[in-house]
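Every number for a ligand or one of its atoms is a count from 1 in the order of the listing. In this text the structure is predicted, and so the values were computed from the model without any measurement. What's counted below: heavy atoms across the whole structure, side chains too, no hydrogens, waters or symmetry copies.
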Amino acid sequence: MSTQNNDSLSLAELEQTQNFIRRHIGPNAEQTQAMLSDIGAESIDALIDQIVPSDIRLADLPAIEESKTEVQALADLKKVASLNKVNETYIGLGYYGTLTPNVILRNVLENPGWYTAYTPYQPEIAQGRLESLLNFQQMCIDLTGLDLASASLLDEGTAAAEAMALAKRVSKNKKSNLFFISSDVYPQTIDLVKQRAEMFDFDIVVAPANEVVDHDVFGALLQYPSATGEITDISDLIAKVHEKKGIVAVAADIMSLVLLKAPGELGADAVIGSTQRFGVPMGYGGPHAAFFTTSEKFKRSLPGRIIGVSKDTRNNPALRMAMQTREQHIRREKANSNICTAQVLLANMAAFYAVYHGPKGLKIIAQRIHRFADILCLGTASKGLTALHANYFDTLTFNLSNKDEIVTRALAAGVNFRTDVEGQISISLDETTTRENVNTLFDILLGEGHGLDLAALDQQITDNGHSSIPATLQRESAILTHPVFNSYHSETEMLRYIKKLENKDLALNHSMISLGSCTMKLNATAQMIPVSWPEFANMHPFAPVDQAQGYKQMIDELGDWLVELTGYDNISMQPNSGAQGEYAGLIAIHKYHESRGDAHRNICLIPSSAHGTNPASAMMVGMKVVVVACDKSGNVDMADLKAKAEELADNLSCIMITYPSTHGVYETTIAEICNIVHEHGGQVYLDGANMNAQVGVTSPGLIGADVSHLNLHKTFAIPHGGGGPGMGPIGVKAHLAPFLPDHALINVNENTKGNGAVSAAPYGSAGILCISYLYVALLGKKGVTDATKYAITNANYLATKLSKHFPILYSDKNGRVAHECIVDLRPLKASSGITEVDIAKRLNDYGFHAPTMSFPVAGTFMIEPTESESKVELDRFIEAMVSIRDEVRKVESGEWTSEDNPLHNAPHTLADITAPWDRGYTIQEAVFPVPAAAANKFWPTVNRIDDVYGDRNLICSCPPVSSYED
Ligand SMILES: *Cc1c(COP(=O)(O)O)cnc(C)c1O
């Protein structure tokens, strides 16, 4: 230990105290030494040399910048942000100005209790966000008029594509391969759905809505209100499609539905859209939650997760993910979709927005928007400028002979209209619109000196009424009648409701979440701060690019860094989740083959250990999945790979492989695997979810892969948000670059024009890219590399310590693991009947989230500590696991029976210990099994939840009023 007086330190050394690297990396120098000595390694570098195969090691640190201090990095990014020019925006097309209630901004979006949680796979410690997601579902059900909702999809465009896939699955018009898209659907949605259809081999026709009757379709997509703002009664069209056994999906604007007749009441089979304008900033395209509702009879086909009501062992109501959606992606090539990460944080924000405003507040918000639209419409009409449609909610479209002049005037006034249609502009008003704004709009459209008086126009509307919503399309059904939407309208009540839910959930601000493959590392506060800067938050994704120069610079710089760190040549920032990245990457591979006259190549090799999204994505691009075996050590069976690659060479498209493998080991044969596939004409898709074991040490490009997605919400510090948002950009080698995604409205890259999109917005959820940008800027070349090295060190320390008590399933020839390790719990089940589920729930009693359970091997835990956990926290976790092992021993020995023991009954709640206690173990043993658990007690709020009961009695909406009455 140093006894040095601070006075003797150099300035450079004193400045080191501001270095961010030591904030991000958990273990300090002393702890690191202690861990290395337990592991039996001389130094971190010596350990890494043993573990990472030498033929794939990078020689030098990556060529990115040095680390910056938090102050410097934020100041620099602020300068970049200020290059964005945030105009008054009326572009619409699914993105609107919104007023995020500050109580939600600070206590949800900016609160680690909400943003650092994981997908609620352990529902007993996730009842808060599950309740909020149930509110989200109820809100969607009420507004759309259908009876079943999912708990968020990625964006409106992909939700529409999912609706098409659902239509194909459930339509009784089996002979039709045709999907109809109304030409007044948002252009980015049309583009995206066409792309999906091409991959599924569906035929598409895009035509005016009323022409749907001329076609024999399995499904149709209509927009309500239309892209140009018109409201029409679509019930006849829907009925006509139904006559031919087709399915109708309606893309709807959630705010308009507050006033409009619900699409469900008009006959729609599925309703999709975005909840962005319910309090979620635009963020240059995301993140925000899409909604998807359908009829109960299609419940088995609903994409994404559904939250359902079940009961716990005390018969109390308890929530959890319902049906197959618990692990949708585990269904592999039989999955309905490849959605894994969704948009939980943003769905929660939208749900809270509805809870805060309630039905009356929402109605006033929608009416105010609509009133301004009426005023604008009446005022312009009185001066001879008549809007295209007489029936609208918030969007007016004008055909202009002097469009250029008007648009120039608008831009000079700092105003953006929708301008992508020839000779036309559209103006979408929103919650942020003021009287002053409308006066400015009059000035722009009519020229100054028009003499219109807003108050007089308003009076005219009040006096005469304005039938801009036809009587037959006005909403009559009540919305949001459940108590939760009618109870928390003061800020005090709202604050406490948010806090009450937060307290039920275990997130990273309580303890480590060692979910293997999910990389739950520090989401540093400094990285989160710019997310709510107005320069980033309030930018519309289709704003003219010259206004988005700050975004452009940030995206380009981050892109350059990621290219360097992956060893690829190009990157696309469009995919907004890992699974979407897989989809985009496989499309690139498909188009590449096609460009070489090899369109027939459609076999995708996938090792049996792969994540479920891999086969699900392959299915979505029409590939045929062939599973490659793994050997006893978890490695790809090379003989099987060779045989299959050779046998299927004529049609081989690619292999999808995760590296280091999901077994937690660096396969030494990875370069050879790439070679074999290449030799047989295939491409290598390397699933980048495990990049946390590669950055700075090796890279997919060096290894020989052709394309990878990065989960920025794993490796690059975007928080998981309780199940989203995420970002899944893909890196590619140069030969695949021409096949990256494009966008219908924004030119993302000259060389990818016409390729079609995979997300609704050109850069996916661009609003959270600042997190990854700052992650790299703060850590710099040394820090990002240290992160990898410490992630490996921490995993090996855990593996070393736990191996004395549990078998570690896989390790390399030196007995080492990569950045995660698999603990085998199957022997305990054999000896005691205690299952991996019992142990997972028991960890809750110790204040921990369970590791990844039964993936990739049933009956195991996959543990990934990440570099951000200190030795103190790792030791606490080890103590819990060892103590649990001792508890199992008491069941093995018969001291505790198989029914009456703290594992079988876990997790324990306050209800347990306040009820008469008649168990064969003490209350102390139940809830304070070790001092550390008592010192930082986390109380699960429900007992173990009955999944089977919940699935048999599927309830996916809020409990009725009556249920609150006892
Ligand atoms: C997380 C993960 C994915 C999917 O990423 P999402 O962002 O959840 O869609 C794919 N593969 C692996 C190995 C993963 O761990």
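Outside the 6.0 Å centre-distance limit, the rings of His743 and Tyr763 are not counted as a close aromatic pair. Checked against the 6.0 Å centroid threshold, Phe848 and His510 do not count as a close aromatic pair. Aromatic pair Tyr551/Phe536: centroids less than 6.0 angstrom apart.
Under the side chain to side chain contact (heavy atoms under 4.5 Å, CB included) criterion, Val531 pairs with Cys770, Ile771, sequence neighbours left out.
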Using a 3.5 Å cut-off on N/O to N/O, what pairs does ligand 1 make with the protein? A line per pair would be great.
residue	atom	partner	partner atom	Å
ligand 1	5 (O)	Asn711	ND2	2.9
ligand 1	7 (O)	Thr341	OG1	3.3
ligand 1	7 (O)	Gly578	N	2.7
ligand 1	7 (O)	Asn711	ND2	3.1
ligand 1	7 (O)	His713	NE2	2.7
ligand 1	8 (O)	Thr341	N	3.0
ligand 1	8 (O)	Thr341	OG1	2.6
ligand 1	9 (O)	Gly578	N	3.3
ligand 1	9 (O)	Ala579	N	2.8
ligand 1	11 (N)	Asp687	OD1	3.4
ligand 1	11 (N)	Asp687	OD2	2.6
ligand 1	15 (O)	Ser517	O	3.2
ligand 1	15 (O)	Ser517	OG	2.5
ligand 1	15 (O)	Lys714	NZ	2.7

Going by atom type alone, with no hydrogens or angles, which donor-acceptor pairs under 3.5 Å involve a side-chain atom of residues 689-704 and a protein atom two or more places apart or on another chain?
residue	atom	partner	partner atom	Å
Asn690	OD1	His819	NE2	3.4
Asn690	ND2	Pro660	O	2.7
Asn692	OD1	Lys521	NZ	2.7
Asn692	ND2	Glu867	OE1	3.1
Gln694	NE2	Tyr659	O	2.9
Thr698	OG1	Ile56	O	2.5
Ser699	OG	Thr566	O	3.4
Ser699	OG	Leu702	N	3.1

Pairs of donor and acceptor atoms involving the side chains of residues 152-161, under 3.5 Å and at least two apart or interchain, shall be tabulated with distances.
residue	atom	partner	partner atom	Å
Ser152	OG	Gln343	N	3.1
Asp155	OD1	Gly157	N	3.2
Asp155	OD1	Thr158	N	2.8
Asp155	OD1	Thr158	OG1	2.8
Asp155	OD2	Asn576	ND2	3.0
Asp155	OD2	Ala760	N	3.0
Glu156	OE2	Gln223	NE2	3.1
Thr158	OG1	Asp155	N	3.3
Thr158	OG1	Asp155	O	3.1

